[in-house]
Amino acid sequence: MEQILLKHTHHGRCLSFEEYRFSGGFEALAKALKDMTPAEVQQDVIDSGLRGRGGAGFPTGKKWSFVPRDLPGPRYLICNCDEMEPGTYKDRVLLERNPHLLVEGMALACYALEVHHAFIFVRYGYEQAAGNLRQSIAAAGRSGFLGDNILGSDFSLELDVHQSAGRYICGEETALINALEGKRANPRAKPPFPAIKGLWGQPTVVNNVETLANIPAIITGGPLLWKNLAATPEAAGTKLFCISGHVVNTNCFELPLGMTLGEIIDGPSGGMRSGSRFKACIPGGAATPYFTEAHLGVPMDFDPVAKAGSRLGTGGIVVFDQNTCMVAVTLNLIRFFARESCGWCTPCREGLPFVRHTLERIEAGRGESNDIDILREHVHMLNYAFCALAPGAMGPVEGLLRLFYDELEAHILEKKCPFKKQ
Amino acid sequence: MPELIIDDIPAHVPEGTNVLEAARSIGITIPHFCWHPALGKAGACRACAVKMLEGPIKGIQMSCMLPAQDGMVVSTTDGEAVAMRRAVIEWLMINHPHDCPVCDEGGECQLQDYTIAGGHSIRRYNGLKRTHVNQYLGEQIEHEMNRCIQCYRCVHFYQEYAGGTDFGVMGRAGSVYFGRQQDGQLESPFSGNLADICPTGVFTDKTARFRARYWDYDMAPSICPGCSLGCNTVPMARYRELLKVTARRNDEVNGWFICDRGRFSNTAVNAPERPRQAQVDDEAVSMDIALDSLIERLTGFLELHGPEGLAIVGSPRMSQEAAIMAARLREVTGAGTLCYFGDVLHAERTLEAVSLLNTDNSTSQEDVRQADLIAIMECDLLTEAPMMALAVRQAWRNGARIFIVGSECRLDSGQQNLYEVGAAVSLAAVPFTEARRPLVICGIRHKGLEAIRDTAQLGVKTSFIMDGPNAFGCAMLALEQGAISFSEALAGGRVKGIISLEADLPPELSPEIRVLAAADWLSTHLTEKAEVVLPVTSWVEMDGTYVNNEGRTQHFKQVMKPGVPIKGLTPELHPPRIHRHDPPGGDILPTEKIISELLERLGAANE
Ligand SMILES: Cc1cc2nc3c(=O)[nH]c(=O)nc-3n(C[C@H](O)[C@H](O)[C@H](O)COP(=O)(O)O)c2cc1C
Ligand code: SF4
Ligand code: SF4
C-alpha cells in the first residue's frame, strides 16, 4: 500500500525541513513554477479526482474553478485546520509529522489560484502543529519557497498561521472566515459562497489540511498515478483514517480510498480487542450515521458510504463492541454538539439541548414512548437549521433510530439502560 | 419585477424583495422574529419557513432569506412548513418564561402572538429552563434576559444600525447573552429603540413599566416636538399621564426609529405643577373669567398705549394652527408687533433658510440615508437633531463620504461612533461633483447667514437644522405677515405690553413691559410674570400640525385628555367627591382655541 502523506515520516517526531527536501520536497513546486501555468496545475487537480478531506467531499478542482479571476482586489486561500470533530485527529498527526507537505501543497494551490496571501487556521490547543508550521514556513522562506518571487519566478506568496480561540463551529468555513476577521464565529448566509465573497469580501477558497497536502504528489507524479493509489477504480488517492474505539491498534493510517470497512478494521486496526465483537462504528467522524456489521463490506469511499446511508466525512472511525449502549454513545455525541452550537439559529441552539434532554431521560430509564417522536421530529427539522452543524449532529440520532430502534425501545419499555448492571 | 404565486395568490414585487415581504404585500403575514424591515435578514430564528413548490428553489426555505423570483410557487400552509414553524415556537418556548401576566411586554409581544397563532400549547420539554442574570442598563431601559429568544435584532440595531459599542452578544450555544460587559447606563443616544425592536420583553421602557397593558393605552399618531425633524411617534398614555413614546414608521422621515431625547420626554407633560389652572393676578379663576379679564385689561391697555404698544408673541413651539391664529389676533387687535422668534439672528437665519428651500432642494431623512456624499456644515447633529445623525450613519454604512465643515461639528459627543468624517476647510473644498447624490446638512444655530447662502448656492440638496418643531411654519408665516423678532421689536422701543403664546423670551424682560397674558403648558418666567395665566394643552392633548425642517406638513392627533394625572392628584382630589365633567386641570384649551375665544369676545370670530 503506497503512501504519500505519511511517507518518510516517523511516529513521534517531526520531519526536519532538510529531510523533507532530501526526500523530494518542494520539487513539485519547482516543477510547477518552471513548467506549468496556474491553469495546468488546476487541471491536474481536477483530473486527479481529489475530493475535499474536510468532511463534505467536494471536488477540490471544481471548487477552485468557481473562483472568479477578474474581480478587483486580492483572492485568498485558507487552510482549515480547526479539526475539532470527535474521533478525528488526522490533521494533527500529519502536521506533527510533516508540516512541510502542507506548506508546499498550499504554495501549489496558491499558484493555481493566483493567490498571494494565504492563512492556516489552526485549532486551539494544536500548539505542536502550529509551532511546526511556523518553523516550516520560516525555513521555506529562507530557502526561497515562500516570499517574494519564489524560485526566481514572478509568483509571490505570504503564509500566515492563525491560532483559533477554539470552538467546533470555527471549522465551518464561513464561521472560520468570520473568526479570522475577528468577528464572532457565526456562519454566514450562503450564497454568496466564499469562492465569490469570502475573507474581507474577497474570493476565498477554504480547503482542509489533508486536501492541500495531497497536491504535491498530484503534481509530481501526475494526476493518474495519484488517482490510482485508490483501492477501487471509482475512488481517487489515499486517505488518512483515524481509528479509535474497541480495536487493537488505535492510530491514524494512510490507506487507499475504497478499502472496505472490514478490511480496515481487521487489517491495520488489528481487529477487535480480545473479548470484543464488532457491533457498530461511526464511519467518518462524529457527525455521521452509524455503520453496523451489515456495512463491513462497504468500500470506504465517498459515494459508496453515502449510498449505504452514512458519510465518509473526515475518515474518523470510532468502533464499538457488543457491550456498548448506542443510546449512551449518541447522548455523548449530542452533548458535544449541543455545547458547540454557535447559538445563532433556533433549531440548533434549542433543538440540540431538547434532544440531549430526551436522550438523557431515555438513558436514565425515564423515557416515554413519545420521546421517540421527539427524536424523529428533530432528525427532520434540524435539516432546516442555518448551517450544517445541526443536520450533522443529527446523523448519529438518525442512525440510532434506523439501526438501533430495538435498543432504544428497550430502554423505554424496561425503564432502564439494558447495558447497565442492576 | 418578479411575479410569483403565494398560497394561490399572484404577487408582483420589485426586484430584491424577499418572499416574506412579497407575502406581506398581498396580505399574508409569515411569522418572523429576526427579520426586521430596517435591519434586513439574519436567518437566525427560522420561524418564517415556507414550502417552495415550483420554481428555481424547492422545498422548505426561510422566506426572509430568499429573494422573490419569477416562477416561484410558494405555500405558507403546507404541512411541513407549518410543522417547522410550530417546532420553532416550541423550541423558543423551552426556555422562555411562562409568566406573561407579570411581563410588561404582555399584550404587545410578538412571541405571544406567534405562539398563539402557531397553536403551541402543550409542553413536551420537561427539563429546567435556562436562566440568566439581568443587568442594570440605566434608568430608561429594563433588562430581563430570561425572556430572550435570541433573534439578534438588538445587536443588529445597536451595533450596526446605531453604531453603539457598549452592548452586544456574548457567550455561545444555549447561553448566548445580550448585554453589556458590565452593568451600566447604555451609551447610545438611540438605546430606547431596543424596547421597540425586541420582539419579547427583554428590553422594556423602564419609565413606563407595569403602568398599563397595550389595550389600556390611549394612543394616537403623533409628531415628536423635540427638534425640527418631526419624527413620527405613537405616544401612549393612561389616566391622563403620558406613559411612554414609541417610534412610528415613516419611511420618508424617521424610518422605524426615534432618538432617546424624543422618547424619554414625558416629565414636563405629566408635571402636576405645570400651568393647569387659569389665574388672574395670581388668583385661581375659571378659564372664562380669565379670558374676560384679559379682554378688559386689553381694552384698557389699547386705550392707554394704542395698538402700537402691543406685541403678540409666539414661538416655533406652537402648532401651525396656533401660529395662524396669532396672526389673526394681531390683525384684529391691530397690535403693532407680531413675533414668532425671540432672537433676531435666530429669526433672520430661519427665514432665510426657509426662503432658500424649494421642492427640488429640500431634503428628507430618507434622502440623507440614500446620499453618497454629505457635508455637515456648522452643526452638532447629535445635539441639534439626533435622528439626522443616525440617517447620516446609514448613508455612511452604504459607502457615502462624510465631510464636516466649520467649528460647530463636534465629534466628541458620540458622533465619532456613528460615522467617519473628513474635515473640509470650506464648502468649496467638498468634492460635490464627484458624487451622484450629494447633499449638505447645515446648522443655523451657530453661524450666520453667509453659511446659509453658501449652502444654497451650491445647487445641491440641502437640509437646514432649525430650532423648534414648527420653526419652518412660523418662518413662513413671519415672511407672509411681516413678523419681526422680539429683540428687534424691543429695540424699536414701541412695545409696552405683550400677549405671550407659548413664547420663549429671555428672562431679563424689562419690568416696564406688561405681560398682559401668557398662554402656555410649560411654566416659564412669562407665566410667572403674567397678569392673566392661560393654561393650554400640550401636543399630546390636542390635534395640530407642525411643518418640519424640510417643509413637510405633518398632522398630529390628540393622544389623551388634558388634566392632572391621577398619579398627581392629592388625597383631597382623588377619589373625586364632587361630580364634574372635566377632571381637575381638564378645562384647558389648545392655544388656537384660546385665541378664537378672545376673538369671539372681541366680536371678530366669524370675519
Ligand atoms: C460544524 C462544521 C465543522 C467543520 N469543521 C471542519 C474542520 O474542523 N476542518 C475542516 O477541514 N473542515 C471542517 N468543516 C467543513 C468546512 O466547512 C469545509 O467544507 C472544508 O473545510 C472544506 O475543505 P475541503 O473541501 O478541503 O474538504 C466543518 C463543517 C461544519 C459544518
Ligand atoms: S446550525 Fe445554527 S446555531 Fe448551529 S452552529 Fe449552525 S448556525 Fe450556529
Ligand atoms: S434581547 Fe430581544 S432583541 Fe435581543 S436577541 Fe433577545 S429577543 Fe431578540
Side-chain angles (χ1 to χ4, degrees), chain A residues 165-170 174-175 179 183-191 335-361 364 366-368 370-387 389-390 393, chain B residues 32-34 40-51 57 59-62 64-67 80-96 111 122-130 148-152 155 159-160 168-178:
Chain A
R167 288 239 84 88
Y168 175 53
I169 192 59
C170 294
T174 56
K183 300 184 179 139
R184 279 178 67 81
N186 294 125
R188 294 179 180 177
K190 297 185 233 181
R335 282 194 174 126
F336 170 82
F337 288 120
R339 191 190 73 205
E340 292 301 325
S341 161
C342 80
W344 177 251
C345 73
T346 312
C348 174
R349 186 191 57 243
E350 311 295 342
L352 289 177
F354 197 175
V355 172
R356 179 186 62 201
H357 177 73
T358 307
L359 287 171
E360 270 167 2
R361 285 157 27 103
R366 295 198 311 274
E368 287 158 22
N370 78 341
D371 286 345
I372 292 182
D373 298 335
I374 291 175
L375 296 180
R376 281 230 166 80
E377 284 167 35
H378 280 80
V379 168
H380 179 187
M381 294 304 174
L382 263 57
N383 283 322
Y384 307 129
F386 189 85
C387 85
L389 186 145
Chain B
H32 58 275
F33 295 109
C34 64
K41 60 183 186 181
C45 74
R46 316 309 272 181
C48 67
V50 295
K51 177 79 135 292
I57 296 152
I60 295 288
Q61 292 290 327
M62 300 308 135
C64 72
M65 300 295 282
L66 205 59
E80 193 184 2
V82 172
M84 174 62 185
R85 296 202 300 263
R86 188 184 305 127
V88 169
I89 299 294
E90 179 173 22
W91 287 321
L92 294 176
M93 289 308 297
I94 285 179
N95 287 310
H96 191 88
L111 181 62
I122 295 172
R123 186 170 179 77
R124 296 191 295 175
Y125 177 85
N126 60 3
L128 296 176
K129 284 180 189 284
R130 169 214 64 214
C148 178
I149 56 165
Q150 295 88 16
C151 70
Y152 289 77
V155 247
Q159 295 188 338
E160 289 164 27
V169 49
M170 289 158 271
R172 42 93 209 156
S175 54
V176 282
Y177 187 90
F178 298 81

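It should be emphasised that the depicted structure is a prediction, and the values quoted were computed from it without experimental measurement. In what follows, chains carry the letters A, B, and so on, assigned in the order in which the sequence lines appear, proteins first and then strands, with residues in each chain numbered from 1.
Checking side-chain atoms of Arg46(B) against main-chain N and O of Tyr384(A) turns up a donor-acceptor pair under 3.5 Å. With hydrogens and angles disregarded, a donor-acceptor distance shorter than 3.5 Å links the side chain of Arg172(B) to the backbone of Arg339(A). One N or O on the side chain of Thr346(A) and one on the backbone of Cys45(B) form a donor-acceptor pair closer than 3.5 Å.
The aromatic rings of Tyr125(B) and Phe354(A) stand perpendicular to each other, their planes meeting at an angle above 60°, with 30° marking the opposite boundary.
A search for side-chain contact (heavy atoms from CB on, under 4.5 Å) contacts involving Ala364(A) returns Arg366(A), not counting sequence neighbours. Checked against side chain to side chain donor-acceptor pair (under 3.5 Å), His32(B) has no partners two or more places apart in sequence or in another chain.
Taking CZ from Arg124(B) and CG from Asp373(A), the interatomic distance works out to 7.5 Å, rounded to the nearest 0.5 Å. Between Glu90(B) atom CD and Ile374(A) atom CD1 the span is 7.0 Å, to the nearest 0.5 Å. Atom CZ of Arg349(A) and atom CD1 of Ile94(B) lie 10.0 Å apart (nearest 0.5 Å). Summarising the geometry, atom CD belonging to Glu350(A) is positioned 11.5 Å from atom CD1 belonging to Ile89(B); distances are rounded to the nearest 0.5 Å.
Of all heavy-atom pairs between Ala87(B) and Met381(A), the closest is CB-CG, 4.3 Å. Considering all non-hydrogen atoms of both residues, Ala173(B) and Ala338(A) come closest at CB-O, 3.5 Å. The nearest pair of heavy atoms linking Cys345(A) to Gly43(B) is CB-O, 4.4 Å.
Counting heavy-atom pairs under 4.5 Å between each of Ile149(B), Val169(B), Asn95(B) and chain A puts Val169(B) at the top. Chosen from Ala83(B), Ala42(B), Gly174(B), Cys34(B), the residue pairing most often with chain A at heavy-atom distances under 4.5 Å is Ala42(B).
If you measure heavy-atom distances from Met93(B) to chain A, you find no contacts under 4.5 Å at all. Only the side chain of Val176(B) comes within contact range of chain A, with heavy atoms under 4.5 Å apart. Contacts of Asn126(B) with chain A are made by both backbone and side-chain atoms, with heavy-atom separations under 4.5 Å. For a residue to count as touching a neighbouring chain, one of its non-hydrogen atoms must lie under 4.5 Å from one of that chain's; by this rule Ala185(A) does not touch chain B. For Met65(B), the part lying near chain A is the side chain, with the backbone staying farther off; criterion is any non-hydrogen pair under 4.5 Å.
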Apply salt bridge (charged side-chain N to carboxylate O under 4.0 Å, His left out) to residues Glu377(A) and Arg86(B) and explain how you reach the verdict. CA-CA 11 Å; Glu377(A) 284 167 35; Arg86(B) 188 184 305 127; over 6 Å; no
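Counting heavy atoms from C-beta on, the side chains of His378(A) and Trp91(B) come closer than 4.5 Å.
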